[in-house]
Structure formats: structure tokens, C-alpha cells
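As C-alpha cells, the structure follows; a few thoughts come after it.
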Protein chains: 2
Amino acid sequence: MDTTRARAHRLTRQRKLVLEIIKESQGHLDAETLYLQAKTRHAPISLATVYRSLAFLKDAGLVQEQRLGEDHGHFESAQTTPHYHFTCLSCGQVIEFEAPQVLELARWLSAKKNLQVTELNLHLSGYCAQCAGRSQPAAPKTRI
Amino acid sequence: MDTTRARAHRLTRQRKLVLEIIKESQGHLDAETLYLQAKTRHAPISLATVYRSLAFLKDAGLVQEQRLGEDHGHFESAQTTPHYHFTCLSCGQVIEFEAPQVLELARWLSAKKNLQVTELNLHLSGYCAQCAGRSQPAAPKTRI
DNA sequence: GTCCATGCAAACTGTTTGCACGCGC
DNA sequence: GCGCGTGCAAACAGTTTGCATGGAC
């Protein structure tokens, strides 16, 4: 009945572990990698629990999920400064960058079309400085 | 040996059909919907062929794939003017919009970090004008 | 002691693939 | 008629879920 009543959540070893690994890695882990990293540590954890913990932490606003052009999700520690991602199609490295213009754009759109924007996802891909130097196989159909 | 030699591609009924449906729909179909629409027409086609045709057409630059925050892909006819998408989390409608600033942003980033950007994906979600009017269940954790 | 969280395995969704047949060229 | 495209079903990856047990509070 009382929907405002906070549910009793438990801070288990596994949840702490998942959050810890994400924070330490500083990167963009997928669930599988996270699971494997957890295994290399002593802690026993199952893949299902990794997913459940991630869902929990995401819901709590402690981690964020990203879709970096792959068919599976990547997770990173929630940050205060919004930032975006560039993925190199050749070497796979992910570069983070800030771009305040994006928020302006969101506000502009918000006002123009009267939308309430709650999520924003900007993802670029292409070739990083190093990889662009090497000869690309044919013209990498530049669509932009 | 001759990598520049064009492969002989065939324009089969199924491929024509897939392209036709995408063009007519004007929308953002996923493979399943596309498959069902094809079935309602006379044409016999399998889901596997839908995927294969989409891959083919995508490769040919005739259709583009979008990830609209869902766990599955959406496809639309390739357009000359770049545009982006907003998905309403409440009613599910997809709103397209143009935003030249985005390309400027990409160029800016390209120059600043010396990247070669070939793909750009900007996706917003939140609540549309109609849905934002109705009372939302609690504060829709606005992260932006 | 109560209940939520976990582990396991099975289910599930979206997508891809191997192989034999069919059909565009 | 050659060889690519198709259909079918099975395989696949990532993710979710049912149920019995375990552990946080």
C-alpha cells in the first residue's frame, strides 16, 4: 500500500564488490569482464548476481550503463560531470570527452519541442589519431 | 586477388520488399516488425532473410541502424540530412529532430583530439509534451 | 527469525550461421 | 547452369528469472 516506504536493502559483500571493481577500473566494463575480475579476486559471485547488482546500483544512481555501439552494455561509475564517448573502430579504445555544448543542445531542444529530457546518450565512433595514421582498408564510408 | 572487383549482387524480391517496407513506413522498424509487415503482404520471407537483407542494405548505405535505447536495433531508410531521435519513456513515441550543432560539435572534437569521426549517435529520452503534463510517478530521476 | 540476496540452471530475446535447395543472372 | 540468396532450424550471446538455500539485519 505504502509506495513511498523505502524497501529494506542489504549491503552484501557482492554488491560492495561490484561497485568497488567499477570504481577502481575507471573504465567501461561489461558484465562479463566485471564477473571475471570478481572471480580473480577471492570473492565468490555468480554472473546473475553481477547483473542483479548492476541493476540495483544503476537504480540507486551509483553506476551508469552505456551502449558503446556494441551489442552488450558497458557500465561505469556515476559521475557528476556529464561526458561522452568515442570508440575507435580499429583498436577499440574508448576516449571520454566533455562537451558542454551538448547540454545546451538538450536545453534548446527541450524548449523548442517542449520535451522533458531525462537521458542523453551521445556516442561517436571512427578512428583515433594513431589508427587513422595507418592506411585504412578502403574508404571507411564516412557518413558524417 | 582483385579486392576492388565488385561482387555480383542480386536484387531479389525479398531485398526489394525489405527496402520498400522501410521506405514506406517512414518510421523506425525493428527486424521483427519488419518481418511481420512482410508477412501481411503476400511475400514469403524468413526472419533470417530479413536480417540478411538489412545487413546487405545497410552495407550498401540504403538503410541505417539505430539503437533507440532498446536492446534491439531499429532500422530506417538512409537520409541525406542527419537527424537524431528522442524517445518518450512514457508513450514510446519517437521524435526526430535536426540539430546542426551536433555536426559542429563533431568537427570540434575531431580537430581537438585529432580523431576521424565516421559515426555519430545521439539519442535522447524523457517525456514528451503530452506525457510530461500528466503526473509522473515520483521524480523521474532526472540525470541531466 | 524474517526476508532479501544469492547461486544455479533453465528460459528468454535478438541475432547469426550451416547446409541443402531455389532462383536471378 | 553457375553461384549467390533463401529457408529452416539450430546455435549463439547477452540477459533475465524461478526456486531453494544462505546470510544481513
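To find a chain, count down the sequence lines: A is the first, B the second, and so on, and within it residues start at 1. Below, all heavy atoms of this structure are taken into account, side chains as well, without hydrogens, waters or symmetry copies. Everything numeric in this text was worked out from a predicted model, so none of it was measured.
Here the P atom of nucleotide D:dC4 and the CG atom of B:D59 are 16 Å apart, to the nearest Å. One interatomic measurement links the two molecules: CG of B:L17 to P of D:dG7, which rounds to 10 Å at whole-angstrom precision. When the P atom of D:dT15 is taken as reference, atom OH of A:Y35 falls 15 Å away, rounded to whole Å. Going from atom CD of B:E70 over to atom P of C:dT15 covers 11 Å, rounded to whole Å. For the pair B:R67 CZ and D:dG14 P, the computed distance is 12 Å after rounding to whole Å. Distance, A:R10 CZ to C:dA5 P: 6 Å, rounded to whole Å. If you take CD of A:Q14 and P of D:dG22, they are 14 Å apart, rounded to a whole angstrom. Taking atom CG of A:L11 as the reference point, atom C1' of C:dC4 lies 13 Å away to the nearest angstrom.
For the atom pair CG (A:N121) and CD (A:E65), the distance works out to 10.0 Å, reported to the nearest 0.5 Å.
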Report task. Decide salt bridge (Lys or Arg N to Asp or Glu O under 4.0 Å) for B:R41 and B:E20; before the verdict, give the C-alpha distance in whole Å, the side-chain angles of both, and the deciding distance to 0.1 Å. Result -> CA-CA 12 Å; B:R41 282 146 132 110; B:E20 198 179 304; 3.4 Å; yes
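Side-chain nitrogen and oxygen atoms of A:Y51 include at least one within less than 4.0 Å of the OP1 or OP2 phosphate oxygen of D:dT15. Between A:T12 and C:dT6 there is a side-chain N or O to OP1 or OP2 distance below 4.0 Å. Proximity of B:S46 to the phosphate of D:dG7: a side-chain N or O atom is located under 4.0 Å from OP1 or OP2.
Within 4.0 Å of A:L47, counting heavy atoms only, lies at least one base atom of the nucleic acid. A:R15 comes within 4.0 angstrom of the backbone, heavy atoms only, and of no base.
Checking A:Q101 against B:Q101 by side-chain atom types alone, no donor-acceptor pair falls below 3.5 Å. If you check the side chains of B:E76 and B:H28, you find a donor sitting under 3.5 Å from an acceptor.
The residue among B:D30 and A:P44 whose nearest nucleotide of DNA chain C lies closer to the 5′ end is A:P44. Each of B:H72 and B:R13 was assigned the nucleotide of DNA chain C with the nearest heavy atom; the assignment lying further toward the 5' end belongs to B:H72.
When each of C:dG14, C:dT17, C:dA5 is scored by its nearest atom to the side-chain atoms of B:R52, the top-ranked nucleotide is C:dT17.
Annotation for B:K113: atom NZ counts as buried by contact number, over 12 foreign heavy atoms lying within 6.0 Å.
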